[in-house]
A.B. asks: 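Structure below; questions to follow.
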Amino acid sequence: KAQLKSMGLSLDWAREIATCDPSYYRHQQKMFVDFFKAGLVYRRKSKVNWDPVDMTVLANEQVVDGRGWRSGALVEQRELEQWNFRITDYSEDLLTALDRLDRWPEKVRLMQRNWIGKSEGLRVRFEIAGEAPNGDRALEIFTTRPDTLFGASFMAIAPDHPLAKALGARDADLAAFQERCRQMGTSVAVLEMAEKEGYDTGLRVHHPFVAGLTLPVYVANFILMDYGTGAIFGCPAHDQRDFEFARKYALPIIPVVLPSGADAASFAIGDAPYDGEGTIFQSDFLNGLTIEAAKNAVASRLEGMSLQGTPQGTRQVNFRLRDWLISRQRYWGCPIPMIHCEACGVVPVPAADLPVVLPRDATFDRPGNPLDHHPTWKHTACPQCGGAARRETDTMDTFVDSSWYFARFTDPWADTPTTRQAVDSWLPVDQYIGGIEHAILHLLYSRFFTRAMKATGHAGLDEPFAGLFTQGMVVHETYKTPQGEWISPAEVEILEIDGRRQARRLSDGAAVEIGSIEKMSKSKKNVVDPDEIIGGWGADTARWFMLSDSPPDRDVIWTEAGVEGAHRFVQRVWRLLGEALPWISGPVRPPSNATCEIALGLRKAAHKALIAVEDDLEKLGFNRAVARIYELTNALQRALAEGDPATDPALAAAFHEAFDILIRIIAPMMPHLAEECWSAMGRQGMLATADWPVADHMLIVDETITLPVQINGKKRGELTIAREASEADVRSAVLGLDIVVSALEGREPRKVIVVAQRIVNVVA
RNA sequence: GCGGACGUGGCGAAAUCGGUAGACGCACGAGACUUAAAAUCUUGCGGGGAAACCUGUGCGGGUUCGAGUCCCGCCGUCCGCACCA
């Protein structure tokens, strides 16, 4: 309810929207079933933070200090059977394919790389000395640094590791320690502050290479059960965390990596571990090897050693990426089309029965999932045996919907989720534009989903988005009253007093503090209503300002002054057009070449602008395109002041052509103004459907060029010379310049560098 | 802590391959028009200097005929990840 309220929606509206058109759900459910049959979907018990008041699952960020932030209630840990997509099947592929996405920002690719988090290492089994309470005879750990095995001084396992649980069952102190860790585990804030803590279980394991050496096994609060095997060996000399732990519990710190140049006899670890490059020492058969070679040597040796009938070491690639949990206990979402039958297990809803639609008469008068406590909705018959069965009441994460809409859009009325002909011919998306906030989740899920669609025959490609561009946000100043209350820009007037910008509240003139520039948000009230912008300035002005102010990948600061400037430009174009109207009506006549200087200059300016704008738009350089358009407008205004088209038909034709180009290059950014101008010029149809003008590249080639002339790398003058002049001609002309002659004082230059069409540098 | 990006006028920013730093806009100053204001137009605008000229792209070095751009080392800002073994 709170969520709906914040969206300004009533319950009736929510029901209406959630149930209005089930066709997309039908196709999504069809694909879900196909994924299920292909083994890409599975159910897994997972621990969740359960809010006992709202009867809902809380996201991690909703939990602070063991309490849910919305209800303030204590959070329970529960285990729920939930649906997951097997995105981890594609970890390696999702990672390596990033290298081929060359039209994606490096930043996004890097974020995905880190998120997938590949690490190559070794699983090592340590023989347990004596007896473990659960009967385990070996402790398996994962490490990326097997080269430091001879520096091992302890083992650490996660508090919820099976071995730790078994040990805790007969050791009350350990159980209490584990309980403390569990309480802490849910709180991000505590985690950051938490000191490394451990509990010595008394259990010991044998070092695989050093006969007679045993290592103590600790339960430690910093070991995660869901990474690797939930257990590590600690090498304090070469790992920050292990180092801190060893200091606290007075464990040996044995260096085994020697930095180059250090003396093996005297090298010791001081206040910090050493994690750099070096040569292995104090390590038996590894001595003298590089880190990489030692990793290999250890892996090979352990692979060949047998412990209790299995190899003692196994090379393993580990990923940070987890499977994608899509179950949501909410009304709002696409129902998961599955049926639970006592006899047959989990059975997909048959295609003919799709879509499974949400009930319209769901109620929200008590906590929990409305689908679950709806009186009839979940009761159904098993499609296989016909017996009484129960519908899945979880709905899908809405990221599922956004993971394939672009594929559906290629044939939106098709009776199947996609049609291969359409999806193969349209995809991949050439240019995707979105915010950086989707860098990981949405863009990674879509990449997975496209692969899953390929695996189930719904598409034929791996990568959905060939080009990606991440645009910035619109941001605005914030305003705060002395009472600390945020107020909106509409309630504030900005004044310049004593050369300082100051703000006052419109209603009573009270002083207002101008705060930092931030992303527009309702909480800070620094929002500008789009309807008011369009009502007050027009859509063209708003768009022109946003495009002109900053490059599109950066944030644009919304300012009243900036918008006014943009609006002035709209008026100026319209006014200039009005002044020139007598000469620019009807179809463009081909401008004569026998023209006056003003006309020729104008033609060059127009074609130069056209060429530049084409290039800028192609590269999404809208702010640069705007600057080029300003330049052309300035040139037009100057020409209109200087020349008289009434007495010069060539000039009139040049104006006609220049205005024609101007309004066409404005059109993509200010369509309304452009159409109005188009119509005022007496042109037929709509500009939007007219062809883009063709630039005359020959026209902008000048016969003479002006080269900057440098002496010893500093600009001292200019040289105007024929474009076709040879290097020798340029050289002798430069040496004849007064500034060059006086600088040389009769000596020969040491060197003259002529860069064609660019610059000349005389080294004296 | 790890990883990355970026530092250019009062402000937003340009500078395509190492080749005239500050295009274009905003703000501001001066002037014209006006009884006045708004709008519009003209003009100035990195810093120093009367000028010639000097100086200037976070700081310190380097490469080069030439560096905002390339290399090394600092400083600062922002972003992402974060007990990942």
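Residue numbers begin at 1 in each chain, while the letters A, B, ... track the order of the sequences. Reckoned from all heavy atoms, side chains included, excluding hydrogens, waters and symmetry mates. Keep in mind that what you see is a predicted model, and the values were worked out from it rather than measured.
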A.B. asks: Could I get a table of every N or O pair under 3.5 Å where one atom is in the protein and the other is in nucleotides 62-65 of chain B?
C.D. replies:
unit_1	atom_1	unit_2	atom_2	d
B:rC65	O2'	A:N761	ND2	3.2
B:rC65	O2	A:N761	ND2	2.4

A.B. asks: Does A:E140 come within less than 4.0 Å of A:R125, counting only side-chain N to carboxylate O?
C.D. replies: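 The answer is no: the pair does not qualify as a salt bridge.
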A.B. asks: Might you work through the salt bridge (Lys or Arg N to Asp or Glu O under 4.0 Å) test for A:R247 and A:E244, ending with a clear yes or no?
C.D. replies: CA-CA 5 Å; A:R247 273 286 168 89; A:E244 286 172 35; over 6 Å; no
A.B. asks: Rounding to an integer number of angstrom, what distance separates B:rU63 and B:rA50 when you compare their P atoms?
C.D. replies: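 One P to the other, the span is 38 Å.
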A.B. asks: A:R568 near the nucleic acid: base, sugar-phosphate alone, or nothing, with a heavy-atom cut-off under 4.0 Å?
C.D. replies: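 Since only primed, P, OP1 and OP2 atoms lie under 4.0 Å of A:R568, the category is sugar-phosphate.
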A.B. asks: Go ahead and name the base partner of B:rG46; Watson-Crick or wobble counts if both distances stay under 3.5 Å, otherwise write none.
C.D. replies: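 The answer is B:rU55, by the H-bond criterion.
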A.B. asks: Using a strict 4.0 Å threshold on nitrogen-to-oxygen distance, state whether A:E614 and A:K619 make a salt bridge.
C.D. replies: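 Result for this pair is no, no salt bridge flagged.
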A.B. asks: Respond yes when some side-chain nitrogen or oxygen of A:R123 is under 4.0 Å from OP1 or OP2 of B:rA85, and no when none is.
C.D. replies: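 Looking at the OP1 and OP2 atoms of B:rA85, neither is under 4.0 Å from any side-chain N or O of A:R123.
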A.B. asks: Taking only the side-chain heavy atoms of A:W115 (C-beta and beyond), determine which of B:rA82, B:rU20, B:rC79 contains the nearest atom.
C.D. replies: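 Of B:rA82, B:rU20, B:rC79, B:rA82 is nearest to the side chain of A:W115.
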A.B. asks: Between B:rU8 and B:rU55, how far apart are the two C1' atoms, rounded to whole Å?
C.D. replies: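 My reading of the C1' atoms in B:rU8 and B:rU55 gives 16 Å.
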A.B. asks: Are OP1 or OP2 of B:rG80 and a side-chain N or O of A:R113 less than 4.0 angstrom apart?
C.D. replies: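 So the side chain of A:R113 is outside the cut-off, no N or O lying under 4.0 Å from OP1 or OP2 of B:rG80.
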A.B. asks: Whole angstrom is fine here: how far is it from CD in A:E564 over to C1' in B:rA38?
C.D. replies: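 The distance from CD of A:E564 to C1' of B:rA38 comes to 12 Å, rounded to the nearest Å.
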A.B. asks: Between A:R113 and A:D99, is there a salt bridge with N-O shorter than 4.0 Å?
C.D. replies: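 Between A:R113 and A:D99 there is a salt bridge, with a charged N closer than 4.0 Å to a carboxylate O.
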A.B. asks: For B:rG3, which nucleotide is its Watson-Crick or G-U wobble mate, given both distances must be under 3.5 Å?
C.D. replies: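 B:rC79 - that is the nucleotide pairing with B:rG3, both distances being under 3.5 Å.
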A.B. asks: Which way is the base of B:rC17 turned, syn or anti, if we draw the line at 90° from 0?
C.D. replies: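 Here B:rC17 takes the syn form, which means its glycosidic angle is within 90° of 0.
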A.B. asks: To the side chain of A:K714, which of B:rU55, B:rA85, B:rU16 is closest?
C.D. replies: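 Closest nucleotide among those given: B:rU55.
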A.B. asks: Measure from CZ on A:R758 to P on B:rC17 and round the result to the nearest Å.
C.D. replies: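 Roughly 10 Å, once rounded to whole Å.
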A.B. asks: Below 4.0 angstrom, N of the basic side chain to O of the carboxylate: do A:K295 and A:E120 qualify?
C.D. replies: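 So A:K295 does not pair with A:E120 through a salt bridge.
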A.B. asks: Measuring from the side chain of A:A627 (C-beta onward, heavy atoms only), which nucleotide among B:rC24, B:rC84, B:rA14 has the closest atom?
C.D. replies: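 Selected nucleotide (nearest to the side chain): B:rC24.
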A.B. asks: Separation of A:N221 atom CG from B:rA85 atom P, in whole Å?
C.D. replies: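 Roughly 17 Å, once rounded to whole Å.
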A.B. asks: At under 4.0 Å between heavy atoms, what does A:F142 touch on the DNA or RNA strands: base, sugar-phosphate, or nothing?
C.D. replies: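 Base contact.
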A.B. asks: Is A:N634 touching bases, backbone alone, or none of the nucleic acid, heavy atoms closer than 4.0 Å?
C.D. replies: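 Sugar-phosphate contact only - A:N634 comes under 4.0 Å of backbone atoms but never of a base.
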A.B. asks: A quick test of your reading: do over 12 heavy atoms of other residues, nucleotides or ligands sit less than 6.0 Å from CD of A:E727?
C.D. replies: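 Counting neighbours around CD of A:E727, 12 or fewer heavy atoms of other residues, nucleotides or ligands fall under 6.0 Å, so no.
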A.B. asks: Looking across every strand, which nucleic acid part, if any, lies under 4.0 Å from A:K619 by heavy atom: base, sugar-phosphate, or nothing?
C.D. replies: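 If one applies the 4.0 Å heavy-atom cut-off, A:K619 turns out to touch a base.
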A.B. asks: Testing the basics here: between A:I629 and A:V613, what is the closest heavy-atom pair and its distance to 0.1 Å?
C.D. replies: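 So the minimum-distance heavy-atom pair works out to CG1-CG2, 4.0 Å.
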A.B. asks: Of all the nucleotides listed (B:rA23, B:rC41, B:rG4), which has the minimum atom distance to the side chain of A:L110?
C.D. replies: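 Of the candidates, B:rG4 comes closest.
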A.B. asks: Just name whichever nucleotide pairs with B:rU16, Watson-Crick or G-U, keeping both distances under 3.5 Å, else none.
C.D. replies: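 Pairing partner: none.
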A.B. asks: Assess whether atom CG of A:D644 is packed by more than 12 heavy atoms of other residues, nucleotides or ligands within 6.0 Å.
C.D. replies: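 Count over threshold, so yes.
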A.B. asks: Walk me through whether A:T720 and A:T704 qualify under side-chain hydrogen bond (donor to acceptor under 3.5 Å, both in side chains).
C.D. replies: CA-CA 7 Å; A:T720 301; A:T704 61; over 6 Å; no
A.B. asks: In terms of side-chain heavy atoms of A:N623, which of B:rA23, B:rA85, B:rA14 is nearest?
C.D. replies: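 Closest of the options to the side chain of A:N623: B:rA14.
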A.B. asks: Please give the nucleotide sitting opposite B:rG60 as a Watson-Crick or G-U wobble pair, both distances under 3.5 Å, or none.
C.D. replies: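 B:rC72 is the nucleotide pairing with B:rG60.
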A.B. asks: With a 4.0 Å limit, can you tell me whether A:K118 has a side-chain N or O closer than that to the phosphate oxygens OP1/OP2 of B:rC84?
C.D. replies: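 False: A:K118 side-chain N/O out of range (4.0 Å or more) of B:rC84 OP1/OP2.
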A.B. asks: Provide the distance between the two P atoms, one in B:rU64 and one in B:rC74, to the nearest whole Å.
C.D. replies: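 24 Å, rounded to whole Å.
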A.B. asks: Does A:D242 or A:G565 map to a spot on RNA chain B nearer the 5' end, using the closest nucleotide for each?
C.D. replies: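 With A:D242 and A:G565 compared, the 5'-side residue is A:G565.
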A.B. asks: Collect all protein-nucleotide pairs involving nucleotides 7-12 of chain B in which both atoms are nitrogen or oxygen and the distance is under 3.5 Å.
C.D. replies:
unit_1	atom_1	unit_2	atom_2	d
B:rG12	O2'	A:D549	O	2.6
B:rG12	O2'	A:D549	OD2	3.1
B:rG12	O2'	A:S550	OG	3.1

A.B. asks: For A:R145 and A:F233, work out which heavy atoms get closest and say how close.
C.D. replies: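 In this case the closest contact between A:R145 and A:F233 is O-CZ, 3.8 Å.
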A.B. asks: Whole-Å distance between B:rC78 P and A:I436 CD1?
C.D. replies: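 It is 17 Å, rounded to the nearest whole Å.
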A.B. asks: When you compare B:rG10 with B:rU57, how far apart are their P atoms, in angstrom units rounded to a whole number?
C.D. replies: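 B:rG10 and B:rU57 have their P atoms separated by 13 Å.
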A.B. asks: Taking atom C1' of B:rU20 as reference, at what distance in whole Å does atom CD1 of A:I711 sit?
C.D. replies: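 Taking atom C1' of B:rU20 as the reference, CD1 of A:I711 is at 14 Å.
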A.B. asks: Under 4.0 angstrom, heavy atoms only, what part of the nucleic acid is A:R322 near: base, sugar-phosphate, or nothing?
C.D. replies: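 No contact.
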A.B. asks: Which part of the nucleic acid, if any, lies within reach of A:I223 when heavy atoms closer than 4.0 Å are counted: base, sugar-phosphate only, or nothing?
C.D. replies: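 Result for A:I223 = base.
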A.B. asks: What is the distance, rounded to the nearest whole Å, between atom NZ of A:K715 and atom P of B:rA15?
C.D. replies: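 Taking NZ of A:K715 and P of B:rA15, I get 20 Å after rounding.
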A.B. asks: For the rings on A:F545 and A:W558, is their centre-to-centre separation under 6.0 Å?
C.D. replies: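 Centroid distance A:F545-A:W558: below 6.0 Å, so yes.
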A.B. asks: Should A:V760 and A:V755 count as side-chain neighbours, where that means a heavy-atom distance under 4.5 Å?
C.D. replies: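 Not touching, per the 4.5 Å side-chain cut-off.
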A.B. asks: Provide the distance between the two P atoms, one in B:rU16 and one in B:rG22, to the nearest whole Å.
C.D. replies: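 Each nucleotide's P atom is 13 Å from the other's.
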A.B. asks: Looking only at atom P, what distance separates B:rG1 and B:rG12, rounded to whole Å?
C.D. replies: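 Approximately 29 Å lies between the P atom of B:rG1 and that of B:rG12.
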A.B. asks: Please state whether the phosphate of B:rA85, meaning OP1 or OP2, lies under 4.0 angstrom from any side-chain nitrogen or oxygen of A:Y227.
C.D. replies: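 Yes, within the criterion.
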A.B. asks: Please measure how far the C1' atom in B:rG56 lies from the corresponding atom in B:rG48, and state the result in whole Å.
C.D. replies: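 My reading of the C1' atoms in B:rG56 and B:rG48 gives 11 Å.
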A.B. asks: B:rA23 and B:rA15: how far apart are their P atoms, nearest whole angstrom?
C.D. replies: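 That atom pair is separated by 13 Å.
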A.B. asks: Using atom CZ of A:R572 as one end and atom C1' of B:rG25 as the other, report the distance to the nearest whole Å.
C.D. replies: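 A:R572 atom CZ is separated from B:rG25 atom C1' by 11 Å.
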A.B. asks: At 4.0 Å (heavy atoms only), tell me whether A:R320 reaches a base, stays on the sugar-phosphate, or touches nothing.
C.D. replies: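 The answer is base, as A:R320 lies within the cut-off (heavy atoms under 4.0 Å) of a base atom.
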A.B. asks: Answer yes or no: is there a donor N or O on one side and an acceptor on the other, between the side chain of A:D555 and the main chain of A:G472, under 3.5 Å?
C.D. replies: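 Here the side-chain-to-backbone pair does not exist.
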A.B. asks: For A:R628 and for A:G562, find the nucleotide of RNA chain B with the closest heavy atom, then tell me which residue's nucleotide is more 5'.
C.D. replies: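 Its nearest nucleotide lies further toward 5', so the answer is A:R628.
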A.B. asks: B:rC54 phosphate, OP1 or OP2: any side-chain N/O from A:R716 under 4.0 angstrom?
C.D. replies: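 It does, given that an N or O in the side chain of A:R716 lies less than 4.0 Å from OP1 or OP2 of B:rC54.
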A.B. asks: Taking any strand in view, what nucleotide pairs with B:rA38 in a Watson-Crick or G-U wobble way, both distances under 3.5 Å?
C.D. replies: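 Looking at the geometry, B:rA38 pairs with no nucleotide.
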A.B. asks: Using a heavy-atom cut-off of 4.0 Å across all strands, would you classify A:Q637 as base, sugar-phosphate, or nothing?
C.D. replies: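 Contact class for A:Q637: sugar-phosphate only.
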